[in-house]
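Presented below is the structure to which this report refers.
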Amino acid sequence: MNMNEDNESSMEENMNGSSSSGEMNNGSMGMGNDHMDHDDVVSLIDSTGENELSIPPVLKSDSNKGTEYTIRAQKGETEIFDGVQTKTYGYNDSFLGPMLQFEKGDTVKINLINELNENTTFHWHGLEVPGNDDGGPHNVLEPGEESTIEFEVTQEAATLWFHPHPEGKTSEQVYNGLAGLIYIEDQNSKNLELPSEYGENDIPLVFQDKVFNDEKQLNYKAVANEDGTVGDTSLINGTLNPKLTVDKEKVRLRLLNGSNARNYTFKLNTGDSFVQVATDGGFLNEPVSMEEITLTPSERAEIIIDFSKVDGNENIALMNEDGATLLPFEITDQTGKNMDIPDEMNDFSVTEEEKNLPVTKEIELFGMMDQVTINGKKFDPERIDFTQEQGVTEVWEIYNKPDMMGGMIHPFHIHGAQFKILSRNGEAPPENERGWKDSFSVAPDETVKIAIQFKNKGIYMFHCHILEHEDNGMMGQVKVE
């Protein structure tokens, strides 16, 4: 990455060598490479709330007649800390990326340019596109290369994202800053009259955790953990110590867990409830009142918080499960729109036929560190693990086999499709998972059944979305014909 290139070689020499067991020296970070069960990870530093949250810019179409974007993967420098330039990666910017707007029915053309000094891909996470356009590890762009993809948007309104997916390098490239958002809108989303003023009462929140060295630089190789790299410094939309200023109104927060490995359980420090209105791939049928929500890496959720009744002098903040302050809110005296959240938002359903389909694909997730596997195998780009017929719904069963240390949560993602969770350990999924999903958590010794149909043909990845596990081979391929 040209990131600390001068000292990378010496740093690698001081790493005691990367042993076959995947052990690395994390220096004094206090983040050892023991088995990471996500119950005992380093705590995040509280946000001081001194910086107003940055909102990703909306990318403008290159064409007046249609939806056409140019996206460049590039390196740069970003002032994350006052007065310090940190070397980072970004899309069309030095760090992270813009928000892309699609509408159902659109034909979208995207020009892709790799301005990095290394191979990359452009993966459209949650988007239902042909395999050749999906941006998996087969769709590599070498440094200086360009390509163009074109596809029709066929799915409903949702919050998706895009990030790189090169074999063995995804974790480092995402960690260094390659991530951007996609909003799909449709007629239903426009009719619902939910908060929709981008950056005002409709706020994207990309949560990531990092480790910065004494020079306030990111050095992935120095802190990488084979079981998932976690950090003590929280960034939201790339903003350090963020706060969000809101009016006295209902505010829609689009949550994305964009971290390499950390699970987040979001809640309000006041104990107040909020409502969830959407999953990864679309709206729930009706809003679900919740006091907390857990998202594993790559999962999204849309929630609405009602600030209209909150005392402006009250300290209110979004925090995580161990009480770390992630995002303080500053409430103005301005009264915003008084809108009601509709009781009915979608017509999502699981049919009796889907419930009664036999399991046709069984997946066993197992292992830790660099010894992670799916069905006892590591990823082989030349091997097709499953085949499935285009347009035919099948039931996949995903089981997380415990290891001798108990095991850990694996977030599971399938490319190229939105699917339905049928059951968790034989029971119906919780209300807030009864919507379209492309990623979900699987706890140790848990079995999850899903109904999945691919609209397009091609080869698609399925994998653990702890990015280091993915890079270590916890990934397979399904060919849709």
Side-chain angles (χ1 to χ4, degrees), residues 1 3 29 31 36 38 41-47 51 53-56 73 75-76 78-81 86-91 93-99 123 125 159-165 169-182 203-213 216-220 222-225 228-244 253-266 293-301 318-322 324-327 411 413 439 465-471:
M1 174 175 180
M3 183 178 287
M29 294 315 302
M31 301 169 205
M36 193 181 78
H38 289 282
V41 298
V42 62
S43 295
L44 291 169
I45 301 168
D46 290 332
S47 171
N51 299 313
L53 180 74
S54 174
I55 303 295
K75 58 184 179 180
T78 306
E79 188 175 341
I80 298 171
F81 297 85
T86 300
K87 292 180 172 64
T88 51
Y89 278 7
Y91 292 117
D93 204 343
S94 65
F95 196 36
L96 299 181
M99 186 271 275
H123 168 52
H125 185 117
T159 304
L160 313 179
W161 65 306
F162 61 101
H163 61 79
H165 212 291
K169 293 285 286 184
T170 299
S171 52
E172 183 171 6
Q173 291 189 1
V174 172
Y175 193 83
N176 290 337
L178 288 182
L181 291 158
I182 301 169
I203 312 291
L205 298 177
V206 181
F207 292 86
Q208 297 178 312
D209 56 324
K210 312 287 185 188
V211 180
F212 292 91
N213 65 18
K216 301 293 189 282
Q217 298 297 316
L218 294 167
N219 191 326
Y220 177 78
V223 299
N225 186 316
T229 301
V230 296
D232 59 355
T233 303
S234 174
L235 299 179
I236 306 179
N237 300 348
T239 305
L240 178 70
N241 290 320
K243 71 174 178 184
L244 178 61
L253 303 178
R254 304 192 190 216
L255 312 174
L256 160 62
N257 183 347
S259 66
N260 281 40
R262 181 183 289 273
N263 301 328
Y264 288 87
T265 296
F266 300 103
I293 181 172
T294 298
L295 298 180
T296 55
S298 84
E299 285 189 287
R300 285 94 58 214
L318 202 62
M319 65 179 188
N320 71 355
E321 65 282 356
D322 63 5
T325 299
L326 303 175
L327 184 63
H413 169 52
S439 303
H465 219 285
I466 293 174
L467 297 183
E468 287 74 16
H469 284 182
E470 172 190 321
D471 283 346

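Keep in mind that the numbers below use all heavy atoms, side chains included, and drop hydrogens, waters and symmetry copies.
Scanning all heavy atoms of the two residues, the minimum distance from Ser298 to Trp161 falls at O-NE1, 3.6 Å. Looking at every heavy atom in both residues, Val42 comes nearest to Gly231 through CG1-O, 3.6 Å. Taking all atoms of both residues into account, the shortest heavy-atom contact from Leu96 to Gly238 is CD1-N, 3.4 Å. Nearest heavy-atom pair, Asn237 versus Ser54, reported as atom, atom and distance to 0.1 Å: ND2-O, 2.9 Å. Here the closest heavy-atom approach between residue Val174 and residue Gly258 is recorded as CG1-O, 4.0 Å. Here the shortest heavy-atom pairing between Pro297 and Asn263 reads CD-OD1, 3.2 Å.
Between Leu244 and Ile203 the shortest side-chain heavy-atom distance falls below 4.5 Å. Side-chain atoms of Asp209 and Tyr264, non-hydrogen and from C-beta on, do get closer than 4.5 Å to each other. Within the 4.5 Å cutoff, the side chain of Phe207 has heavy atoms near those of the Leu318 side chain. In this structure, the side chains of Val230 and Asn225 stay at 4.5 Å or more apart for every pair of heavy atoms. Side-chain atoms of Lys75 and Lys87, non-hydrogen and from C-beta on, never get closer than 4.5 Å to each other. The closest side-chain heavy-atom distance from Pro411 to Ile466 is below 4.5 Å.
The cationic atom of Lys216 (NZ for Lys, CZ for Arg) lies less than 6.0 Å from the six-membered ring centre of Phe81 and within 45° of the ring axis.
Taking Asn241 as the reference, Ser47, Thr48, Glu50, Asn51 meet the side-chain contact (heavy atoms from CB on, under 4.5 Å) condition, with sequence neighbours excluded. A search for side-chain contact (heavy atoms from CB on, under 4.5 Å) contacts involving Thr265 returns Glu292, Thr294, Glu321, not counting sequence neighbours. In this view, Met99 and Val58, Gln101, Leu181, Tyr183, Tyr198 satisfy the side-chain contact (heavy atoms from CB on, under 4.5 Å) rule, not counting sequence neighbours. Scanning for side-chain contact (heavy atoms from CB on, under 4.5 Å) contacts around Thr78 gives Ile80, Thr88, Ser94, Phe95, with sequence neighbours left out. Applying the side-chain hydrogen bond (donor to acceptor under 3.5 Å, both in side chains) rule to Thr170 yields the partners Glu470; only residues at least two apart in sequence or on another chain are considered. By the ring-ring contact (aromatic ring centres under 6.0 Å, His included) test, His469 is found to be paired with His410, residues two or more places apart in sequence or in another chain being considered.
With values rounded to the nearest 0.5 angstrom, Lys210 atom NZ is found 10.0 Å from Thr229 atom OG1. Taking CG of Leu327 as the reference point, atom CD1 of Ile236 lies at 4.5 Å (rounded to 0.5 Å). Note that CE of Met319 and CG of Leu326 are 9.0 Å apart. Values are rounded to the nearest 0.5 Å. The CG atom of Leu44 lies 7.0 Å from the CG atom of Asp322; values are rounded to the nearest 0.5 Å. A distance of 9.5 Å separates CG of Asp232 from CZ of Phe212, quoted to the nearest 0.5 Å.
Remark: the backbone N or O of Ser171 is paired with a side-chain donor or acceptor of Asp471 at under 3.5 angstrom. In this structure, Ser259 contributes its side chain and Arg262 its backbone to a donor-acceptor pair below 3.5 Å. Checked by atom type and distance alone, the side chain of Asp93 never pairs as donor or acceptor with a backbone atom of Gly97 at under 3.5 Å. Without hydrogens or angle criteria, Gln173 side chain to Pro164 main chain gives no donor-acceptor distance under 3.5 Å.
A side chain to side chain contact (heavy atoms under 4.5 Å, CB included) with Phe266 holds for exactly one of Asn257, Leu205, Leu253, Leu295; it is Leu295.
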Practice prompt. Report the C-alpha separation of His125 and His165 in whole Å, then their side-chain angles, then the decisive distance to 0.1 Å, and conclude whether the ring-ring contact (aromatic ring centres under 6.0 Å, His included) test is met.
Written response: CA-CA 10 Å; His125 185 117; His165 212 291; 8.7 Å; no
Worksheet entry | Test log, rule side chain to side chain donor-acceptor pair (under 3.5 Å), inputs Arg300 and Thr159 | CA-CA 7 Å; Arg300 285 94 58 214; Thr159 304; over 6 Å; no
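If you look at Tyr91 and Phe162, their ring centroids are closer than 6.0 Å.
Ring planes of His163 and His123: perpendicular class, angle over 60° (limits at 30 and 60°).
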